[in-house]
Amino acid sequence: MSPQKKVVSINSGGQTQVKGLSVPVKAFCDLSEKELKMLLRAMFDSADDTLFKLSDKASSNEQQERYFNAMRAVRLQRRQMEAKFFEGFKNSVKEMSSGVAISSRQDDKVSMDSLSLVQNDELEERVALETMSNKTTTANKTSLSYLNQRLAYLLAKEDLSDADNPVAPINLCDYFSESLELLDLDIEARLLVYKLFDQFVLAKLSGLYEEIDKLLVTHGALPDLGRKQPAKVKSNFDQQNGDAGDTGAQASGGGNVTQNDLKPIFRSLQKLLTQVQGVNSDVLVAAPSYQGPTQPTAQLCQTLSTIPMPSEAEGNELQAWLQFDIRNHVRGALQESAPAGRPLPMSRKDNDAINLVAMLFEFILEDRNIIPGIRALLARLQLPLVKLALQDQRFFDQKTHPARSLLNSLASAAVGFNTQTDRFQERLKFKIEEVVTRVCNEFENNVDLFELLNADFQVFQEKESRRVELVTQRLQDAEEGKAKTENAREWVKTALHSVTEPYRPLPEFLDTLLSEAWSKVLFLHALKSGHDSEDWNNAVFAIEQMLWSVAGEHSRSTRPVLLKVIPMVQKKIRKGLTDVSFNPYDSSRLLKELETLQINMLKEASTKEGTLEQAEQSKNWLVKTYTAAEKLRDTEEDLSPNETMVAIDQVLTQQNQDVDDDSLNEYLAKVDDFGNGSWFKLTKEETEIRCKLAAALPKLNKYIFVNHAGIKAHECCRVEFAKMLQSGQISLIDNGAVFDRALKAVVQTLRKPA
C-alpha cells in the first residue's frame, strides 16, 4: 500500500482523525490499552509474589537463586516490559487501520510442523504460547467473531481474521513474548511467567471483549449484530405476573420508561414490595388501577435537591441520619411545592425506587462492620443515589454499575479504621469525604461522575496500599525469619539434649565444646538447610562419634575402629568450628583437650578384653547406618517431625493449652480457612481494634495481625487463635461489597412474613 493511503476512510460522513486513527479506532485503542494495563498490573503483582514464595520454598540453593533472580528481573524490568507490550499493540492497531494485514507477520513465525528444527527450550516455549492462544480463542470464539465483523465494518473491509485483530489472543501472546525477551530467564522461569499471563490476562479477555463490543456499537458498528430477532410477544404468563404499577408507570410524566424496560432484579424487588405493602392507600402514590398523570421523574429529582441533609453541626451526625426518613421528606416537599397542597401522585416505579434506596441505607447505617464516622459519611450519598435510582434502574441490576462500585470502594477502604486516628487514617477519611462531597454537589444525571471519582479514588488507594503492603511485607519477612531462628535454636537444644543424655555427666570442656561451639554449627545447618537435611544429620552424627570416642565402652576389640574414628572426629570438629568462624584460640584449646581425652581412652582400651560382637557393633561408628533425624525421633517418643515442630512452637510462645479439646475443632477449622488479608475485630485490654491477618504461617504455628497502616497489632499461635474465636475476643469482619450485602438484607427483610 502506498504511503499516501495509510489512513482508510471509514464512511462517507468523514470521521475526525486523531493521530492518524479514526475516532472509533482511537476509542477502541484507548479502551483496550486501559483494560489491558489493569490486567497486566494484576499479573505482574502476582508474578512478584509467586516467584518470592517459590524462592522461599525452594529445595536447593540453586533453585532458590533461580527464582530470586527471576523475581528481581521481573520487578526491575516491569515498566520496560509494559512499554514493549503496548508498543507491539499500538503498531498492530496502526497496521490494522492502514490496511496492512497483521497476519502477514505470522508468516515469519515457525509453524507447529517445523518446530522440530528449533532448540528444545524454544520449542517448549512456542508450544506453550500456541496452546494458550488456541485455548483462549476457542473460549471466546463468538465474541471474537462479532468483534472482527464490527472492526471490519468500521475499516470498510470485507472481513477481518483473528490474526488481524490487535486484541486477539494470538497477538497478545506475541506482544508478551516479545516483552519477555527483555529478561534473561531460563525456560522454567519463563514458562511460569507465561502461566501467570494466561491466568491473569488471557483468562479475563471475555470482559475486555464485552466492553469493546459495547463501545463499537455506540459508534454505529453493526448494532443489530447478534441480537435475537424478532422480539417475542409477551406471553400470557408474563401478563398474568406483571408488576404492580404497570399502568401508572406507563402514564408517568417522567418519561417513556415502561415496565418491560425495567431490569429483572428491580422487577423482582417491586413484586416483594407489593406483597409486603399490599394495596397502598397513600394518595401520593398512584394506585395499581390509576390511569391519570403522575409526578414527572424530573420534578422528583428537583424536589430531592431541596431537601436539607443532616450535618456534623447538628451533633451526632450518624444519629441524625438514623432518624432521617427520606420518604417522609419527599412527600412533605411535594405537598409544599404543589398548588393547594394537592400534588400529582408518584408512579409506583418511582415510589418503589425511593423505598428500596431508603431500605439499603437503613442497612448501611446499622452495619457494624463500618465504624460510625464512615457510616455517617456514606449516609450523605443517600439523596444523590435516590436521584440516580429514579433515572437509572440499572443501579439495582448491574454489579459493575459505577455508583455501586464507588460505594463499595469507599466502604471497603475504611474497613480497617479504628477509633484512634493517625495520619494515614485521617488522610484516607479526608479523601472519602472529598469524594462524597463532590457526588452531593455535582451529580444531576451524569452517571460518568461516579466512574471518574471511583477511578481517582482507586489511584489514591493504590498509592496508600503500596506503602502499607511494603511495611507489611517487611514485617512478615522479619517475623518469618524470627520464627525460623527460634525454631532452629529449639532444634539445636533438643538435638544436644537427646544425643548427650546417655553419656552424662560430661567433662566440663565437652559441655563447653557442645553448648558454646558446636551448637553454632548445628544452628547454621538448621537455619540454612533444615533439621532434616544431610548437613544437619552429619553434624549430629559428628557429636555421636565424638561422645562414643571419649565415653563409650572400649576394649582391645574396638580399639582398631577407635583409631580410625578419632582422626575423623578431629577433622569434622575442626572444619565445623572454622566454618562458623569460632574463636581460633578457644577452638585449638578445646580440640587439644578432646585429643588428650581420646588418647587416654585408647590407652584404657588396650588393657581391656572385648568380644567379637563388640568389634562388629563398633564398625557402625565408621559408616553411618541410620540418620540422625531417625535417632532424634526415637528419643522423642516416636513423634513425627510435624508434631515435634508443634510442640516446640508451643514452648516458644509459652502456651500451655489442651489441643485435644474437641470443642475447638470447629474453630481450628475456621482458622485454617482464613487467608491473608482477612479483617478482624479484636478486643485487647478492653479496647476494640480492627486488624488484618497479614501473615498466616501454619508451618511456623504463627499468625501475625497488622492495623490499617501495616503496623503489627497482635501475634498468636493456631490454638490461641481458635480459642479467641470461640470466646468472641476476635471476630471476622465481613468486607464484602457493602451494596450487595445491603441488597441481600433488603430481600431477606421483604421475604419475612408480616
* Asked: To the nearest 0.5 Å, how far apart are CZ in Arg41 and CG in Leu39?
  -> 10.0 Å

* Asp448 versus Asn446, side-chain donor and acceptor atoms under 3.5 Å -> no

* Under a 4.5 Å cut-off applied to non-hydrogen side-chain atoms, are Asn148 and Ser161 in contact? -> no

* Roughly how far, to the nearest 0.5 Å, is OG1 of Thr136 from CG of Asp162? -> 11.5 Å

* To do: Could you give me the CA-CA distance, side-chain angles and deciding distance for Glu82 and Arg79, then say whether salt bridge (charged side-chain N to carboxylate O under 4.0 Å, His left out) is met?
  => CA-CA 5 Å; Glu82 289 182 357; Arg79 301 302 177 196; 3.7 Å; yes

* Structure fact -> When every non-hydrogen atom of Ala713 is compared with those of Asn707, the smallest separation belongs to CB-N, 4.2 Å

* **Full working for side-chain contact (heavy atoms from CB on, under 4.5 Å) between Phe85 and Val201** => CA-CA 13 Å; Phe85 180 93; Val201 179; 5.6 Å; no

* Asked: If every non-hydrogen atom of Ala47 is compared with every non-hydrogen atom of Leu196, which pair is closest and at what distance?
  -> CA-CD1, 3.4 Å

* Asked: For Asp367, which of Ile371, Ile370, Leu365 qualifies under side chain to side chain contact (heavy atoms under 4.5 Å, CB included)?
  -> Ile370

* Asked: So which heavy atom on Ser405 is nearest to which on Lys399, and how close?
  -> OG-O, 4.3 Å

* Could you tell me whether Lys26 and Asp30 make a salt bridge, using a distance below 4.0 angstrom between a side-chain N and a carboxylate O? => yes

* **CG-CG distance between Leu160 and Leu147, expressed to the nearest 0.5 angstrom** => 8.5 Å

* Are side-chain heavy atoms of Tyr194 and Ser177 found at a separation under 4.5 Å? -> yes

* Do Leu172 and Leu205 come close enough that some side-chain heavy atom pair is under 4.5 Å? -> yes

* **Single hit among Asp352, Val386, Leu383, Leu381 for side chain to side chain contact (heavy atoms under 4.5 Å, CB included) with Val357** => Val386

* Ser409-Asn454 side chain donor-acceptor pair, cut-off 3.5 Å -> yes

* Asked: Looking only at heavy atoms, what is the nearest atom pair of Ala413 and Phe457, with distance?
  -> CB-CZ, 3.6 Å

* **Among Ser92, Cys29, Ser97, the one residue meeting side chain to side chain contact (heavy atoms under 4.5 Å, CB included) with Pro166** => Ser92

* Short side-chain to backbone donor-acceptor contact, Ser145 and Lys141, under 3.5 Å -> no

* Asked: If you round to the nearest 0.5 Å, how far is CG of Leu202 from NZ of Lys135?
  -> 7.5 Å

* **Where at least one partner belongs to residues 208-217, residue pairs that pass side-chain hydrogen bond (donor to acceptor under 3.5 Å, both in side chains), sequence neighbours excluded** => Arg150-Asp213

* For the residue pair His329 and Phe324, does the interplanar ring angle fall in the parallel (under 30°), tilted (30 to 60°) or perpendicular (over 60°) class? -> parallel

* To do: Rounded to the nearest 0.5 Å, what's the gap from OG1 on Thr749 to CE on Met359? Could you check?
  => 5.5 Å

* Asked: Between Phe44 and Phe176, how do the two ring planes meet: parallel, tilted or perpendicular, split at 30° and 60°?
  -> tilted

* Asked: Taking all atoms of both residues into account, what is the closest heavy-atom pair of Ala163 and Ile170, and its distance?
  -> CA-CG2, 4.0 Å

* Structure fact -> Nearest heavy-atom approach of Arg190 to Leu183 is NH1-O, 3.7 Å

* Can you find a pair of side-chain heavy atoms, one from Ser32 and one from Phe89, that are under 4.5 Å apart? -> yes

* Ion pair Glu442/Lys387, N-O distance below 4.0 Å -> no

* Is a side-chain donor or acceptor of Ser412 paired with a backbone partner of Asn408 at a separation under 3.5 angstrom? -> no

* Within a radius of less than 6.0 Å around CD of Glu451, do more than 12 heavy atoms belonging to other residues, nucleotides or ligands occur? -> no

* Do Arg78 and Asp45 come close enough that some side-chain heavy atom pair is under 4.5 Å? -> yes

* Has the side chain of His401 got a donor or acceptor atom that lies under 3.5 Å from a matching backbone atom of Ala403? -> yes

* Candidate pair Leu449 and Arg438, rule side-chain contact (heavy atoms from CB on, under 4.5 Å), full reasoning -> CA-CA 9 Å; Leu449 175 66; Arg438 284 197 60 185; 4.2 Å; yes

* Show your reasoning for whether side-chain contact (heavy atoms from CB on, under 4.5 Å) applies to Phe28 and His219. => CA-CA 10 Å; Phe28 158 77; His219 285 279; over 6 Å; no

* **Val738 and Leu410, any side-chain heavy atoms less than 4.5 Å apart** => no

* Asked: To the nearest 0.5 Å, how far apart are CD in Gln77 and CG in Leu180?
  -> 11.0 Å

* Asked: Ignoring hydrogens and geometry, is there a side-chain-to-backbone donor-acceptor pair from Arg327 to Asn351 under 3.5 Å?
  -> no

* Asked: Any side-chain heavy atom of Phe363 within less than 4.5 Å of one from Val746?
  -> no

* Please lay out, stage by stage, how Met96 and Leu155 fare under the test side-chain contact (heavy atoms from CB on, under 4.5 Å). => CA-CA 8 Å; Met96 177 190 71; Leu155 295 168; 3.5 Å; yes

* **Basic-acidic side-chain contact under 4.0 Å: Lys157, Asp164** => no

* Would you call Glu181-Lys84 a salt bridge at under 4.0 Å N-O? -> no

* Residues, nucleotides or ligands: over 12 heavy atoms within 6.0 Å of Lys90 NZ -> no

* Mind checking whether Phe86 and Tyr175 have ring centres under 6.0 Å apart? -> no

* Structure fact -> Sorted by chain and number, sequence neighbours left out, salt bridge (charged side-chain N to carboxylate O under 4.0 Å, His left out) with Lys431 holds for Glu434, Asp456

* Please check if the side chain of Gln391 supplies one atom and the backbone of Val447 the other of a donor-acceptor pair under 3.5 Å. => no

* Is there side-chain contact between Leu406 and Val439, with at least one heavy-atom pair below 4.5 Å? -> yes

* Looking at the rings of Phe396 and Phe739, which for Trp means the six-membered one, are their centres under 6.0 Å apart? -> no

